[in-house]
K.L.:
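Quick one: the structure is below, and I'll ask about it shortly.
A note on names: the letters A, B, ... follow the listed sequences, proteins ahead of strands, and every chain is numbered from 1.
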Amino acid sequence: MASTNNEDLFKNIISHAKEYGFIFQSSEIYDGLSAVYDYGQNGAELKKNIRDYWWKAMVQMNENIVGIDASIFMHPTTWKASGHVDAFNDPLVDNKDSKKRYRADVLIEEHVAKIEGKINKEVEKARTRFADGFNEYTFRTTNARVLENQKKIDDINLRFKAALEANDLVEVRQIIIDLEIVCPISGTRNWTDVRQFNLMFSTQVGSVSEESSTIYLRPETAQGIFVNFLNVQKTGRMKIPFGIAQTGKAFRNEIVARQFIFRMREFEQMEMQYFIKPGTEMEWYKYWKETRMKWHRSLGFPESKHRFHDHLKLAHYANAACDIEFEFPFGFKELEGIHSRTDFDLGNHEKFSGKKLQYFDPELDQSYVPYVLETSIGLDRMFLAILSQAYAEEKLEDGSERVVLRIPFFLAPVKCAILPLVKKDGLPEKAREIMNRLRFDHLCQYEEKDSIGKRYRRQDAIGTPFCITIDHQTLEDNTVTIRHRDSMLQERININEIEKILGEKVSMRNALMQISE
RNA sequence: GCGGAAGUAGCUCAUUUGGUAGAGCAUCAGCCUUCCAAGCUGAGGGUGGCCGGUUCGAGCCCGGUCUUCCGCUCCA
């Protein structure tokens, strides 16, 4: 049972998640559906609590951030404007010998880079030869070998661009063959056809197929915010800088979707788009990097578990971008992205919709398209991060073992278990009384079956922070024991103190205070 | 998608040249009443992932298919 390495550990976490009602595979009775998962009774609670914590940290704690809930269906032009129709298509090609898959555009770009390398070598050689009298510009524009290579590059780029624009995949393959590009692994030119993978799911609107039109399930929630920028700004009388937050499902037809709920075809995002004055983006980029990292750190996990990863290669819409990575059992992986999106999105929506999406800045006495700073976190990934960090297999002093989920108290699915020590002598009745008081504020569980030790372990396994046990002494002096999940220690307290203690311990308040410092 | 491994009860696994499926834990009922899992008695639960082939006979051999895990790749 005990995990000896990270691979075992991850497997055990997955089994634990299923065994205790956190995550089930979708449509399991039909053999499941690849890369789609369902949240069970405890998973749904944990997920909701994470979402709530994010929402409160972003919307409730910031006067200038408001939340919306946009639809999953959007006008198809949205995705032309956002660049997803074009940029989310990767032409892929396999080498039949090495069985490795490559992006066709990357193969061609790398080939071009090689030729550029040749040119640079030529330039450097000349520089040493001519010493002081060397003029790089003249050399680059007159040297025969340089010109020849430069023409090669220009020709390739021209041909490749034309092929992409015409969506001519046969031509893309022909380019690879003509350039005699070989697979770095096998060294052969034995390529399959180039295939296109559209990462957006499409469906039909309209009941009759002839009248229907194709629309997409959104691949990101952000566009629902951009198209509502003016609605919210005007009706909320928002002044720049201000933010719009949203949580919701998004869909991507991943070629390879794996690693449990880390990469799913249907997933939930928590995004906030912060609208700012152009030119201030680096300032806000820095601010939100720090602010979002604080949020992650407020969960009390070891500092070494999080790190920033700055993007060198930027997406089509960004001028600066980084990830907050978390060390999952399978390594450091992206949890949240922070992107400076410039005016790319609003600018394009202006272009495609013909509507002005601008903000009048009274200080500057002029209108502009705001710049956007995005924070985008995967809720399911956050769930997995918390689950894998919380999961612990412990060896106790008496030699026995327990599995405990050390979930931060305020995120735990069940906050408190009410346990009569035995199933008679009026203890169940007393326990029910307490349960009926606590249920107004917290999700509690009442359990009377099995030995008390077994019941404690079951609560540990789902991460319940507190167990209230009613024993014979309770009937005499109105006291109970409260047992702490992490230390397994017990205290005897008066029944009237339970609500206060529990209220303080499981409150989100402490964490929120930590991030607003 | 490609390559490798795997799929038998809710979970972990057994059934060894192919002869019509078993254990522990879990679940449920009853007994016991005990502050950190594994006390006693009994019960339910499987068309062996699915489809097909070989065979008198397939959980076991063969083919296909689905799903999961690992590697390649991408992203939240």
K.L.:
Testing A/K505, A/Q445, A/H442 for side-chain contact (heavy atoms from CB on, under 4.5 Å) with A/K415, which one passes?
P.N.:
A/H442
K.L.:
Test the A/R292-A/W295 pair against the cation-pi criterion, namely NZ or CZ under 6.0 angstrom from the six-membered ring centroid and within 45° of the ring axis.
P.N.:
yes
K.L.:
Apply side-chain contact (heavy atoms from CB on, under 4.5 Å) to A/S82 and A/N348, showing your working.
P.N.:
CA-CA 7 Å; A/S82 71; A/N348 269 1; over 6 Å; no
K.L.:
How long is the span from the CD atom in A/E336 to the NE2 atom in A/H306, to the nearest 0.5 Å?
P.N.:
9.5 Å
K.L.:
How far, in whole Å, is B/G44 from B/G22 if one measures between their P atoms?
P.N.:
14 Å
K.L.:
Testing A/M488, A/H484, A/Q459 one by one against A/C467 for a side-chain contact (heavy atoms from CB on, under 4.5 Å), which residue passes?
P.N.:
A/Q459
K.L.:
Just N and O in the side chain of A/Q25: are any of them under 4.0 Å from OP1 or OP2 of B/U68?
P.N.:
yes
K.L.:
Roughly, in whole Å, what's the span from CH2 in A/W54 to C1' in B/A76?
P.N.:
13 Å
K.L.:
On a whole-Å scale, what distance lies between the P atoms belonging to B/G18 and B/C62?
P.N.:
11 Å
K.L.:
What interatomic distance, in whole Å, is found between P of B/G49 and the corresponding atom of B/A14?
P.N.:
14 Å
K.L.:
Got a sec? Which of residues 475-493 of chain A come in under 4.0 Å of RNA chain B, heavy atoms?
P.N.:
A/T481, A/R483, A/M488, A/Q490
K.L.:
When the P atoms of B/A37 and B/U27 are compared, how many Å lie between them, rounded to an integer?
P.N.:
15 Å
K.L.:
Can you check whether any acceptor in the base of B/C75 is under 3.5 Å from a donor in the side chain of A/R263, or vice versa?
P.N.:
yes
K.L.:
Name the orientation class of the two ring planes belonging to A/Y37 and A/F260 (parallel below 30°, tilted from 30 to 60°, perpendicular beyond 60°).
P.N.:
perpendicular
K.L.:
Quick one: which of B/C36, B/A76, B/A37 gets closest to the side chain of A/E334?
P.N.:
B/A76
K.L.:
When the distance from CZ of A/R402 to C1' of B/C35 is rounded to whole Å, what number comes out?
P.N.:
14 Å
K.L.:
What integer distance in Å separates A/I23:CD1 from B/C69:P?
P.N.:
12 Å
K.L.:
Flag the pair A/Y39 / A/F24 as yes when their ring centroid distance falls below 6.0 Å, and as no otherwise.
P.N.:
no
K.L.:
Validate the cation-pi geometry between A/R485 and A/F466: distance from NZ or CZ to the six-membered ring centre under 6.0 Å, angle to the ring axis within 45°.
P.N.:
no
K.L.:
Between B/G3 and B/C11, how far is it from one C1' atom to the other, in whole Å?
P.N.:
31 Å
K.L.:
With a non-hydrogen cut-off below 4.0 angstrom, is A/L335 in contact with a base, only sugar-phosphate, or nothing?
P.N.:
sugar-phosphate
K.L.:
Which pairs, protein N/O on one side and nucleotides 23-28 of chain B N/O on the other, fall under 3.5 Å?
P.N.:
from	atom 1	to	atom 2	distance (Å)
B/A26	OP1	A/K454	NZ	3.4
B/U27	OP1	A/R458	NH1	3.4

K.L.:
Between OH of A/Y216 and CD of A/Q223, what distance do you get to the nearest 0.5 Å?
P.N.:
14.0 Å
K.L.:
Just the dot-bracket of RNA chain B, please: which string comes out with Watson-Crick or G-U pairs under 3.5 Å, [ ] for crossing, | for another strand?
P.N.:
(((((((..((((.....[..)))).(((((.......))))).....(((((..]....))))))))))))....
K.L.:
Would you call the rings of A/F229 and A/F275 parallel, tilted or perpendicular if under 30° counts as parallel and over 60° as perpendicular?
P.N.:
tilted
K.L.:
Could you write out each protein N or O paired with an N or O of nucleotides 9-12 of chain B at a distance under 3.5 Å?
P.N.:
from	atom 1	to	atom 2	distance (Å)
B/C11	OP1	A/K18	NZ	3.3

K.L.:
Map A/D471 and A/E374 onto RNA chain B by nearest heavy atom, then report which one ends up closer to the 5' terminus.
P.N.:
A/D471
K.L.:
Can you name the residues that form a ring-ring contact (aromatic ring centres under 6.0 Å, His included) with A/W284, not counting sequence neighbours?
P.N.:
A/Y274, A/Y287
K.L.:
Between A/R457 (CZ) and B/C35 (C1'), how many Å, whole number?
P.N.:
12 Å
K.L.:
Within residues 417-425 of chain A, find the residues that approach RNA chain B with a heavy atom at under 4.0 Å, and present them sorted by residue number.
P.N.:
A/L421, A/V422
K.L.:
Can you check whether A/Y20's main-chain N or O pairs, donor with acceptor, with A/N42's side chain at less than 3.5 Å?
P.N.:
yes
K.L.:
Establish, for the pair A/K333 and A/F328, whether the NZ or CZ atom is under 6.0 angstrom from the six-membered ring centre and no further than 45 degrees off its axis.
P.N.:
no
K.L.:
Can you name the one residue among A/T464, A/D460, A/T469 that meets side chain to side chain donor-acceptor pair (under 3.5 Å) with A/R483?
P.N.:
A/D460
K.L.:
Please state whether the rings of A/H311 and A/H339 are parallel, tilted or perpendicular, taking 30° and 60° as the class boundaries.
P.N.:
perpendicular
K.L.:
Between A/E271 and A/Y37, just flag the one whose closest nucleotide in RNA chain B comes earlier from the 5' side.
P.N.:
A/Y37
